[in-house]
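Each chain gets a letter, A, B and so on, in the order its sequence line appears, and its residues count up from 1.
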Number of protein chains: 2
Amino acid sequence: MVTSVDVAKLAKVSRATVSAVINRNRYVSKELEKRVLNAIKKLNYKPNAIARSLKTKYTKTIGLVIPNIGSPFFSFLVEGIESFSNKNGYNIILCNSDENSEKERDILDVLLGKSVDGLIMIPTGSKNKDYIFKNVIKSKKPIVFLDREINGIEADVVVSENIVGAYETTNFLFKNGYKNIAIITHSEDITPGKKRLEGYIKSLKENKIEIKEEYIKSGGFSSKEGYLNCEDIFRESKIKPDSIIVASSHLELIGVLNYLDDHNIKIPKDIGLIGFDDLPWVRYLNPPLTVNTVPMFEMGNKAAELVIDKIESKKHYNNKPNKISFKRKLIIRNSTNIIY
Amino acid sequence: MVTSVDVAKLAKVSRATVSAVINRNRYVSKELEKRVLNAIKKLNYKPNAIARSLKTKYTKTIGLVIPNIGSPFFSFLVEGIESFSNKNGYNIILCNSDENSEKERDILDVLLGKSVDGLIMIPTGSKNKDYIFKNVIKSKKPIVFLDREINGIEADVVVSENIVGAYETTNFLFKNGYKNIAIITHSEDITPGKKRLEGYIKSLKENKIEIKEEYIKSGGFSSKEGYLNCEDIFRESKIKPDSIIVASSHLELIGVLNYLDDHNIKIPKDIGLIGFDDLPWVRYLNPPLTVNTVPMFEMGNKAAELVIDKIESKKHYNNKPNKISFKRKLIIRNSTNIIY
DNA sequence: ATGAAAGCGCTAACAC
DNA sequence: GTGTTAGCGCTTTCAT
């Protein structure tokens with residue numbers, strides 16, 4: 001391995017000078033600079049980031065904890081995060097918590113041990129609240145929560161207008177004549193799930209529609225669970241739903257599609273369907289799916305911007321946390337009818 | 001920051017002993033071990049991985065270079081990689097080359113500087129061949145190429161049976177009566193593109209079908225390019241294709257879907273369509289799409305297994321490279337007819 | 001304007 | 001069986 005010592009020797013300068021020309025943090029004469037640069041080139045010298053980090057305490061890496069890398073919604077967020085981070089000289093260490101809070105804690109341990117400069121996480125829920133408070137917040141390690149929050153933790157947050165989004169979606173259905181509106185959301189421990197349910201209920205109340213337990217299913221992420229949730233709705237309800245809002249993951253949506261298909265329930269003829277998040281393929285479903293969506297790449301970008309800001313401007317450190325909330329938008333396609 | 005010195009003091013032992021109980025690499029009496037463990041707990045001590053890496057030369061991280069994180073095919077690969085890596089105590093640094101070879105080189109520079117223990121990459125093409133040879137292969141840094149290879153570089157490789165896959169897909173179409181089969185692939189600098197084209201041509205030759213330039217389009221990744229490629233095929237061909245194999249990305253597939261939709265060309269009535277890679281939603285397209293596919297998660301897993309093997313068993317180091325090739329499989333759904 | 005040297009937190013060779 | 005200490009490659013303070 002070629003080190004700064006080798007460069008210094010070849011250029012006949014001190015290691016301090018080598019360091020100075022690399023980091024441009026103190027004056028070096030043209031003459032010496034040239035010699036150093038030449039030596040660097042000749043030796044194909046690359047500074048060792050590990051050694052630098054040990055000294056400076058900065059690793060130029062951000063830890064990223066995601067519940068499911070394979071999920072396209074998350075991977076668009078990751079794309080946004082990676083993009084902004086890379087442009088600003090940061091790398092990301094990507095970890096998959098698999099919606100499992102124990103795995104999540106282990107990941108956090110490792111990430112903290114590797115001295116990431118900051119963290120972005122989409123938490124699995126609130127189970128690690130105390131751990132995070134003790135090991136991240138208290139130690140002033142910058143963190144931003146993305147898409148999902150943890151109640152009671154004061155930190156930067158980038159989310160979307162889940163209440164309004166679900167409220168408007170439900171209203172839209174109501175205005176088109178739907179009266180028996182079912183919803184499938186995340187479990188309530190996941191903030192978007194809780195908030196979307198809140199928006200749904202708000203709309204129902206305002207529109208004076210009775211709220212029925214059997215129309216509300218939550219929990220699960222897989223398409224199997226989507227299938228089962230849908231099945232439960234149909235089995236438990238005397239009056240079958242005339243529409244379903246799938247306000248959880250794309251996999252649950254696929255499960256619902258699967259159930260409807262298996263039972264020959266046609267969209268939108270027999271049932272209206274609205275999904276959440278406009279993934280590239282949903283407009284090519286049969287029929288093209290109406291969705292309530294949010295700019296995913298931009299959300300990721302923003303999260304990265306916030307951590308990096310915090311990492312680099314310790315002075316602002318005691319400011320109160322940033323809460324960014326992205327507007328959601330209903331994209332109307334052909335998966336619902338006007339039925340009145 | 002609490003260091004091993006603090007622990008040593010509190011436990012009244014030497015730092016070597018602290019290190020030994022953490023790494024379990026030399027005998028420590030029960031008595032001392034207990035004192036150390038207690039001190040660690042009391043101080044909430046976490047070993048500093050940076051310092052350890054500086055000493056040991058191992059970072060327990062793998063660099064991962066992907067052309068497009070947002071692409072579900074790649075993100076399933078990443079999921080497999082992350083899963084295997086994490087189980088074995090490795091983290092991954094994820095970088096997006098954006099199908100851009102210059103960005104790719106910069107990424108490699110940074111990753112190497114951060115002393116990753118090994119690399120997994122899906123190369124953008126062969127432009128960085130010399131760079132990789134000089135900075136990775138020659139320095140014996142373990143690397144495995146995933147999904148795409150670089151010709152002339154001797155390294156581990158995890159790919160799929162692209163020639164056979166495209167060959168069988170084309171044969172299937174032929175057997176069902178299709179005679180005017182078009183194909184859209186990656187550019188030829190990307191090995192799967194080259195090989196899929198090879199398989200397609202092999203089938204055509206065997207079936208004594210004339211090979212027409214205007215039925216073959218390659219290049220691009222976006223849905224816009226898919227749209228344009230499809231448009232070109234229709235514009236340039238006197239006899240319109242009766243079927244299209246979309247052997248590139250899911251985004252190009254979406255572009256093709258979009259073109260066909262815009263021109264009211266119905267699948268499979270007016271045209272047969274076969275895609276590559278069985279993403280969760282393709283069976284819910286209209287109509288359910290026939291695809292030639294490969295187990296993505298498993299491919300990622302295997303790639304991780306190979307790098308880690310190489311990282312950890314330096315002794316085998318001069319073995320000849322592993323070439324793993326995953327079988328592809330045709331999943332027949334309803335996007336083609338039997339037309340004879 | 002540049003060099004010498006200390007020290008970041010850890011591991012491991014050596015000493016006892 | 002355990003402690004002492006050098007040193008990983010870098011940055012940065014201090015001295016000149």
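- Here the side chain of B/Arg35 pairs a donor or acceptor atom with the backbone of B/Lys12 at under 3.5 angstrom.
- A donor-acceptor contact shorter than 3.5 Å is absent between the side chain of B/Ser71 and the backbone of B/Asn68.
- For B/Lys57 and D/dG7, the NZ to P distance is 14 Å, given to the nearest whole Å.
- Under the 3.5 Å distance criterion, the side-chain polar atoms of A/Lys114 are matched with a main-chain donor or acceptor of B/Lys60.
- Between B/Ala16 and B/Ile50, the residue anchored nearer the 5' end of DNA chain C, judged by the nucleotide with its closest heavy atom, is B/Ile50.
- Of the candidate nucleotides C/dT11, D/dG9, C/dG9, C/dT11 has the atom lying nearest to any side-chain atom of B/Arg52.
- Remark: the backbone N or O of B/Val116 is not paired with any side-chain donor or acceptor of B/Thr61 at under 3.5 angstrom.
- Among D/dG3, D/dT11, C/dG3, the nucleotide with an atom closest to any side-chain atom of B/Val13 is D/dG3.
- When distances are taken from the side chain of A/Lys55 to each of C/dG9, D/dG3, D/dT11, the shortest belongs to D/dT11.
- When the P atom of D/dG3 is taken as reference, atom NZ of B/Lys12 falls 12 Å away, rounded to whole Å.
- Going from atom CG of A/Leu54 over to atom P of C/dT11 covers 12 Å, rounded to whole Å.
- Near-neighbour residues of DNA chain D inside residues 23-41 of chain B, defined by a heavy atom below 4.0 Å, number-ordered: B/Arg26, B/Tyr27, B/Val28, B/Ser29, B/Leu32.
- Here B/Arg105 does not pair with B/Glu102 in a salt bridge; the nearest charged N to carboxylate O distance is not below 4.0 Å.
- Across all strands shown, B/Val18 has no heavy atoms under 4.0 Å from either base or sugar-phosphate atoms.
- Computed from coordinates, the A/Tyr58 OH to C/dC8 P distance equals 17 Å when rounded to whole Å.
- The phosphate of D/dG9 (OP1 or OP2) has no side-chain N or O of A/Thr3 nearer than 4.0 angstrom.
- In this model, the phosphate group of D/dG3 is approached by a side-chain N or O of B/Thr17 to a distance below 4.0 Å at OP1 or OP2.
- Residue pairs satisfying the salt bridge (charged side-chain N to carboxylate O under 4.0 Å, His left out) criterion with at least one member in residues 68-89 of chain B, sequence neighbours excluded, are absent.
- OP1 or OP2 of D/dT11 sits under 4.0 Å from a side-chain N or O of A/Ser19.
- Judged by distance alone, the side chain of B/Ser75 and the main-chain N or O of B/Pro72 form a donor-acceptor pair under 3.5 Å.
- One can place CD1 of B/Ile22 at 14 Å from C1' of C/dA12, the figure rounded to the nearest angstrom.
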